[in-house]
Amino acid sequence: MLNERAVRRTLMIVGAVLLLVSLVLTEPQRLADMAVASVGAVMLLTGLYLSRRAERRTAEKAEKEKRLLAVEPDRVPEEAELPKREPFDGEG
């Protein structure tokens, strides 16, 4: 099974190489050259979009965990009586 991170990285690298080669090194003069440049640009932008989306999803997950873990523990006021426990709780 392919790793999502590897797919994003591959899309960005291959797209950037296609874009660089087609625009800088070969100077697009034909329709096929422009198509290769367009495919490279689309691959690069798709990889960047997927990376940004993954970062956002990770940040949201971390924020959710932070909110869940930041809950104050239950406290009994000093004036109140402590709850009584049965002497054999937990033994079974």
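It should be emphasised that the depicted structure is a prediction, and the values quoted were computed from it without experimental measurement. Hydrogens, waters and symmetry mates are skipped; everything else that's a heavy atom, side chains included, is used.
- Cluster membership for Val17 and Val24, using ILVMFWY side-chain heavy atoms within less than 4.5 angstrom, is shared.
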Got a list of side-chain donor-acceptor pairs under 3.5 Å for residues 34-62, not counting sequence neighbours?
from	atom 1	to	atom 2	distance (Å)
Ser38	OG	Met34	O	2.9
Thr46	OG1	Val42	O	2.7
Ser51	OG	Gly47	O	3.0
Arg57	NH2	Glu4	OE2	3.1
Thr58	OG1	Ala54	O	2.9

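- In terms of heavy-atom proximity, Ser22 sits nearest to Leu19 at OG-O, 3.3 Å.
- Annotation: Leu25, atom CG; neighbour count of heavy atoms from other residues, nucleotides and ligands within 6.0 Å is above 12.
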List the atom pairs, donor and acceptor, that lie under 3.5 Å between side-chain atoms in residues 5-16 and the rest of the protein, sequence neighbours left out.
from	atom 1	to	atom 2	distance (Å)
Thr10	OG1	Ala6	O	2.7

